[in-house]
Amino acid sequence: MTPAFEQLLQALKHLPGLGYRSAERIAIHLLVERPEAGLDLKSALEDASGAVQRCTQCGNLSEGDKCEICMKGERVFSRLCVVEHVPDLFALERSGAWSGGYHVLHGKLSPIHGVGPEQLNLASLETRLAAGEVKELVLALSNDIEGQATCHYIQEEMVGSRSIEVTRIGFGLPSGGGVTYADSVTLKSALDGRRSYE
Ligand SMILES: [Zn+2]
C-alpha cells in the first residue's frame with residue numbers, strides 16, 4: 001500500500017457497487033495490468049499512475065525503484081512467495097504469517113486469453129533465481145488449470161536443476177478468489193501446511 005494508491009482506492013470505494021476488494025482489484029488492473037482500460041478514468045488516475053509503479057524487484061506497488069517490503073532489511077529474501085496479483089500480497093501481509101519476500105506475477109499463464117510467459121512478471125524472477133540467494137519458492141497460485149500450468153512452467157523452465165526447494169499452497173483456500181479472499185487464519189494454515197511441489 002502506498003499513499004497515492006490509497007488515494008485512488010478511496011476514490012474507487014465511493015463508486016456505487018464497489019466493495020473494498022473490488023476496488024483493490026480495479027485499482028491494480030488500471031494501474032499496472034491493463035492501463036489502456038483507464039482512459040475514461042484518466043484524469044482521476046493521473047496523479048496515482050504518475051506516482052505508483054511496479055517494484056523493479058518483486059512487482060509490488062512502489063513509489064520508487066523498490067517497494068517498502070523489498071527495502072525492509074528484516075525480511076527473509078531467501079524465501080519468496082509467488083503470487084498472481086498484488087491483492088494476494090496484501091492479504092498475506094495482513095495475515096502476518098509470511099516473513100519472506102514476494103514475487104508478483106501480475107497474472108497467470110492463459111494461452112486462451114493470450115497470456116504467455118512474456119506477459120507475466122517472470123524476467124525479474126529469473127534475475128532473482130539466477131542470483132543464487134533464493135532457497136525456497138512458495139507457489140501461492142490458484143488451484144485451477146491456469147494456476148497449475150503456471151506452477152509447472154516455473155518448476156520446469158525456471159527452477160529446473162537449481163537447488164531451490166519449490167513448495168505449494170492453495171489447498172483448502174476458497175475457490176474463485178484464492179489467496180485474496182482467504183482470511184488470515186486460513187492463509188496461515190495454508191502457509192504452514194505448504195507441500196513440496198512435484
Ligand atoms: Zn518489491
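Numbering of ligands and ligand atoms starts at 1, following listing order.
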Stepwise side chain to side chain contact (heavy atoms under 4.5 Å, CB included) test for Leu9 and Tyr20 | CA-CA 8 Å; Leu9 196 55; Tyr20 186 83; 3.8 Å; yes

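- Pairs of residues two or more places apart, or lying in two chains, never qualify as salt bridge (charged side-chain N to carboxylate O under 4.0 Å, His left out) while including a residue from residues 61-73.
- Protein N/O/S atoms nearer than 2.8 Å to the Zn ion (ligand 1) total 4.
- Taking each heavy atom of Ala27 and Leu8 in turn, the nearest pair found is CB-CD2, 4.1 Å.
- Taking the side chain to side chain donor-acceptor pair (under 3.5 Å) definition, one finds that Thr150 meets it with nothing, sequence neighbours left out.
- Every pair passing side-chain hydrogen bond (donor to acceptor under 3.5 Å, both in side chains) that includes a residue from residues 152-165 is listed here, sequence neighbours excluded: Glu126-Arg162.
- The shortest distance between side-chain heavy atoms of Pro87 and Ile28 falls below 4.5 Å.
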